[in-house]
Amino acid sequence: MKLNVELPGMKLDNPIIPASGTFGFGYEFSEFYDINILGTLSFKGTTLEERFGNKTPRIAESTSGMLNAIGLQNPGVDAVISNELVKLKKVFNKKVIANIGGSYEEDYIEAVKRISKSDIVGAIELNISCPNVKEGGLLFGTNKESAAKLTRLIREVTDLPLYVKLSPNVTNIKEIALAVEEAGADAISMINTLVGMRIDLKTGKPVLANTYGGFSGPAIKPVALKMVHEVYSVVNIPIIGMGGIMNAYDVIEMMYAGASAVQVGTANLIDPYACKKIIEDLPRVMKELNINDLKEIVGRAHL
Amino acid sequence: MKLNVELPGMKLDNPIIPASGTFGFGYEFSEFYDINILGTLSFKGTTLEERFGNKTPRIAESTSGMLNAIGLQNPGVDAVISNELVKLKKVFNKKVIANIGGSYEEDYIEAVKRISKSDIVGAIELNISCPNVKEGGLLFGTNKESAAKLTRLIREVTDLPLYVKLSPNVTNIKEIALAVEEAGADAISMINTLVGMRIDLKTGKPVLANTYGGFSGPAIKPVALKMVHEVYSVVNIPIIGMGGIMNAYDVIEMMYAGASAVQVGTANLIDPYACKKIIEDLPRVMKELNINDLKEIVGRAHL
Amino acid sequence: MNNIYSVISNEKIAYKTYKMILYGDTSKIKAPGQFINIKIDNEKTFLRRPISICDYDSKTITIIYKVFGEGTKILSTKKMFDDLDILGPLGNGFAINKKAKKQMIIGGGVGIPPLYSVAKKLHEENIEFDVVLGYNSKVDVFFEGMFRALGANVYVTTMDGSCGYKGNVLNVIRSKNLYFDYYYACGPRKMLHALVKEDYTGQLSFEERMGCGFGACMGCSHPTTDDSYKRICKEGPVLESFEVVI
Amino acid sequence: MNNIYSVISNEKIAYKTYKMILYGDTSKIKAPGQFINIKIDNEKTFLRRPISICDYDSKTITIIYKVFGEGTKILSTKKMFDDLDILGPLGNGFAINKKAKKQMIIGGGVGIPPLYSVAKKLHEENIEFDVVLGYNSKVDVFFEGMFRALGANVYVTTMDGSCGYKGNVLNVIRSKNLYFDYYYACGPRKMLHALVKEDYTGQLSFEERMGCGFGACMGCSHPTTDDSYKRICKEGPVLESFEVVI
Ligand SMILES: Cc1cc2nc3c(=O)[nH]c(=O)nc-3n(C[C@H](O)[C@H](O)[C@H](O)COP(=O)(O)OP(=O)(O)OC[C@H]3O[C@@H](n4cnc5c(N)ncnc54)[C@H](O)[C@@H]3O)c2cc1C
Ligand SMILES: Cc1cc2nc3c(=O)[nH]c(=O)nc-3n(C[C@H](O)[C@H](O)[C@H](O)COP(=O)(O)OP(=O)(O)OC[C@H]3O[C@@H](n4cnc5c(N)ncnc54)[C@H](O)[C@@H]3O)c2cc1C
Ligand SMILES: Cc1cc2nc3c(=O)[nH]c(=O)nc-3n(C[C@H](O)[C@H](O)[C@H](O)COP(=O)(O)O)c2cc1C
Ligand SMILES: Cc1cc2nc3c(=O)[nH]c(=O)nc-3n(C[C@H](O)[C@H](O)[C@H](O)COP(=O)(O)O)c2cc1C
Ligand code: FES
Ligand code: FES
């Protein structure tokens, strides 16, 4: 049974990749299990400068999903390299995906330049879709011109494979996918969170200090599947699919839609063993569904 | 305890309105309970000509939600007037909201003209957001110019209050809300369904014959709340809020976000008594939350 | 109509196939072939699950269902005294033809259960009938004896020939030259469509994915030969053979 | 760490307040004030619910919780032999100060449970301590006797004066001129912040809405006076008084 898949610049033992922001810098999870079983991992969104992020409450809950408004808290790219990635390297012997956020083109560029020098980084995942930062972030991801421009600028400053992470909060995601493909993206990661809110019934106030937050979890899966499916039909680069993946069946469904590999986000927060369980369950589910080689099922829903 | 609310042209005993497409033409539900307890109701999306709709399967399921790709099946505006509304009138003594769909400006205009003559119709709800018809529908709702133009054209052909129903599948819903407000809308209904899909794991094919469908139910509530909240902050016309309302608490949350009245959709399909239960439960929940007058809580989350 | 029913028993009777007896109101059941719509409380099973009424008396309903996906899997774990939120009876059901002399019941797999009520009615009315039951394999066979007990000739066929005849129900009907002037059928769509293509007359019960089960959502519309449609949940699930568009 | 625990008992001990005893692994508990994160299987309670460890022995954990919303409501319906999926122990917990002579335990409402373990430790270590417990009203009072049984002076106060003194915990401390050179506190944020503003030194346990409970999501970051932050779930929930930013 073949679980291995390929992404630009990366050969993965299996398609399971913890999603950025839900797996810290990886090493925290090695107290739960040996993380070398993972395909690879995408680490916490990193920016040029250190960021504390938004006020708390940063977390809210909804039926079959959660909202977060972390606001890209991270120690900044230099501390990530000199501290977090050093710790990660001790417990992980594969290349990782560096998820990079920012507010302006300049800080994206500089952060990518610096992180590209880290030998544990195998690809850049450009987060142009974070709904929780005031400037930049999502703004780049909701407009095809700015998305393409940023992609082009980043393409020039790194030799690493470039994955661009798209926002679902747009009228036409195909247009944006095509624009970043043309601008030099090697793969597309999708989807980031939907924007949502909850209101505290007792106080009448928004639960999140930031009012709005990113909505993730099984509730959003149909939206993710649809967007992966439609983008697959127009681009020629691989898609890393995510949004509500909780188990091995969801992985298969996402690959049928068109994903070459799959990220698992919120599931890690509810159950730190989620990725391990999914990886261990995949062979059984493949057998049940008569699948021999995961690479062959990518986009099957299009046939 | 005051449950009554007002919408342009309509005084409602309570804010509960079954959402279009989930309550047939109303009379079907009078075998379950006396539907006169409702605030009012919005009947099945009606088009100028009869439509059979899409191929089956038209229904799929997802965690805490469902997908539909009905494709606006309805007998056409004339048959609705001469048949369905006649039956409805026998069991319902309030004015109703006429939900009108279409593919081209001309058929929207003609359908609105005809339905406006029906004396049971108290307001027009212009559906520019149906994701399940090939032409028109959603297309009008995803572009502020075409949304405004259609609103303006319809404004000219009817004296009834005009509610415009918006799609959540857009980058900037505020922009579209403002455009239809300026074009003469008296209220905004929101949200229609998110676009989503599911794939059958056994066959690898999309579950829906139409591939994509409209995603509704409790799963989408945070998205609906956020969009109602942001539109409330920019428009000066009332909002009829919907998306995932399942119980009286959800009604309060939606009104806190900015809704003057609330539509209940998918809940009716799971439980035909849903609206009745919500209406009966509202006073208890209002007491629990120290609410005396529902009109006073509209938009409380903005204070 | 929206009611809580208690599980009396829930036993496995064939491969992945369960028979459940429910205690509750049955006073509104009008015809064999009506169905109930069962709420299964789990976030993954948001919609109700339609299951045909197989048999009923003044206080109980019997259903037979196959574990297919998540919902029926959870259903199979229900135990005595567990409560189920059920909407029903729903749909039109089969209308017994009192004129045709020799009638036939044609069932495939989990399409068989609603036909048991039909058989009982035919038996009550002293109408002569035969029964053809198709299954995938020997392990899937159930209820054959129940039909025999009503005095009917029962022809069992399996796709792999592991029990009874080999082939589908039409194969048996043809090879055995079974004569009938009216039929009642329920089973896979392919089987129903094959039947309609033949010259026989009868009634067929169809399945569609349902949003509501009671006529509100238009999720289950089935085109009919008069260029119109019927809702499988409301004007169906049983259609007359001449109405069916293939 | 990811474990199934069985409910041994779950009884109401005050207004909306329940004491639950769980059977399962307790070998990793290191300090009073650590918490567990409970999965409540219901589509409305997607995230786990963090609840402090009130007491524990080699095989059981005791928690005390107030029914606040959906999750704790469902928790209150759990019965003997029901299983719960629990992550824990989590967080740092209180570090017992062995130097300070006269110590004080200050608890408000459902902030009181984790302090019981602190009291037990102080008692074991023969450290002299008093206890001030604040509640809203008489009906909310619980565990007062448990602290008395450890030989401590217990001052109970209620906001409405219906039991013990009237007012909040600081009111009692001031009006009774209670002396202490170190404290352990848990309770509403307002109470904790009021304490920090005073000149006392001690440790305080904070609450934050949590995404994970084990340091992965940055949902619970709490700014600290060194211009840095601590994750309430990982480097917290207990902070030193001098770290707290108000
Ligand atoms: C009128 C009617 C009567 C039926 N009677 C019986 C019966 O007596 N015994 C029996 O075993 N089965 C019967 N079925 C089929 C039964 O409804 C499905 O097997 C069941 O819904 C599958 O649910 P699941 O959760 O196990 O599968 P899943 O695949 O997890 O279900 C996902 C969704 O698809 C729907 N779905 C899947 N398969 C079908 C289907 N074949 N027909 C309609 N909806 C489907 C489910 O209801 C659910 O909404 C009947 C169907 C209909 C429409
Ligand atoms: C470290 C820690 C220890 C705690 N120990 C106890 C205890 O021993 N006894 C006790 O009664 N309560 C304790 N709490 C508070 C308890 O977690 C909440 O009362 C509970 O989560 C409410 O859940 P709910 O479903 O009833 O409310 P809901 O309002 O339905 O919960 C909605 C969401 O908000 C979160 N939430 C709501 N209130 C709080 C809160 N005060 N703190 C953190 N998250 C919250 C929930 O976890 C959930 O994610 C503790 C909280 C923390 C952070
Ligand atoms: C707590 C949290 C933090 C996140 N932080 C980031 C981030 O830093 N960068 C990023 O690109 N995506 C971030 N995301 C989005 C996830 O990577 C993922 O795209 C999204 O959650 C959908 O997948 P899921 O439903 O499996 O969680 C975050 C999500 C969550 C829940
Ligand atoms: C089966 C179905 C049919 C629908 N048909 C229509 C329609 O004809 N016109 C319309 O404006 N909205 C239609 N909708 C959208 C609903 O009116 C509502 O906007 C949406 O479902 C969100 O609300 P809910 O989550 O409460 O269902 C339909 C929804 C469903 C589930
Ligand atoms: S299932 Fe809703 S109309 Fe038939
Ligand atoms: S709750 Fe996730 S880091 Fe603390």
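So that the names make sense, note that chain A is the first sequence line, chain B the second, and so on, each numbered from 1. Basis for what follows: all heavy atoms, side chains included, without hydrogens, waters or symmetry-related copies.
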- Message: Given heavy-atom pairs under 4.5 angstrom as the criterion, report whether the side chain, backbone, both or neither of Lys55(A) touches chain D.
- Response: neither
- Message: With heavy-atom distances below 4.5 Å as the criterion, would you say the side chains of Thr266(A) and Phe46(D) are in contact?
- Response: yes
- For the residue pair Leu269(A) and Gly211(D), what are the closest heavy atoms and their distance? CB-O, 3.7 Å
- Message: Rounded to the nearest 0.5 Å, what separates atom SG in Cys212(D) from atom CG in Asn68(A)?
- Response: 11.0 Å
- Query: Roughly how far, to the nearest 0.5 Å, is the CG atom of Asp271(A) from the CG atom of Leu87(D)?
  - Reply: 7.0 Å
- Going through the distances and angles, do Lys234(D) and Glu31(A) end up as a salt bridge (Lys or Arg N to Asp or Glu O under 4.0 Å)? CA-CA 13 Å; Lys234(D) 186 98 179 171; Glu31(A) 64 176 273; 3.0 Å; yes
- Query: Would you find more than 12 non-hydrogen atoms of other residues, nucleotides or ligands less than 6.0 Å from Tyr15(D) atom OH?
  - Reply: no
- Of the backbone (N, CA, C, O) and the side chain (C-beta and beyond), which part of Phe23(A) lies under 4.5 Å from a heavy atom of chain D, both, or neither? backbone
- Task: Counting only heavy atoms closer than 4.5 Å, note whether Ser64(A) contacts chain D via side chain, backbone, both or neither.
- Result: both
- Answer with side chain, backbone, both or neither: which region of Asn268(A) has an atom nearer than 4.5 Å to a non-hydrogen atom of chain D? backbone
- Side chain, backbone, both or neither: which part of Lys44(D) has a heavy atom under 4.5 Å from chain A? both
- Note on the structure: Output for pair (Thr22(A) OG1, Met218(D) CE), nearest 0.5 Å, gives 12.0 Å
- Under 4.5 Å to a heavy atom of chain D? For Phe25(A) that would be neither
- Query: Side chain, backbone, both or neither: which part of Ser62(A) has a non-hydrogen atom closer than 4.5 Å to chain D?
  - Reply: backbone
- Message: Could you go through Met210(D) and Ile59(A), starting from their C-alpha distance and side-chain angles, then the distance that decides it, and tell me whether this counts as side-chain contact (heavy atoms from CB on, under 4.5 Å)?
- Response: CA-CA 6 Å; Met210(D) 294 185 173; Ile59(A) 302 286; 6.0 Å; no
- Among Ser221(D), Gly215(D), Ser228(D), which residue forms the greatest number of heavy-atom pairs with chain A at distances under 4.5 Å? Ser221(D)
- Message: Can you confirm whether Asp227(D) is buried at CG, in the sense that more than 12 heavy atoms of other residues, nucleotides or ligands lie under 6.0 Å from that atom?
- Response: no
- Any sub-3.5 Å donor-acceptor pair from Glu28(A)'s side-chain atoms to Ala216(D)'s backbone N or O? no
- Note on the structure: Output for pair (Tyr229(D) OH, Glu50(A) CD), nearest 0.5 Å, gives 8.0 Å
- Message: For a salt bridge (Lys or Arg N to Asp or Glu O under 4.0 Å) check, start with the C-alpha distance between Glu61(A) and Arg48(D), then their side-chain angles and the critical distance, and finish with the verdict.
- Response: CA-CA 10 Å; Glu61(A) 186 187 49; Arg48(D) 289 172 183 266; over 6 Å; no
- Polar contact flag, side-chain donor to acceptor under 3.5 angstrom, Thr56(A)-Arg209(D): no
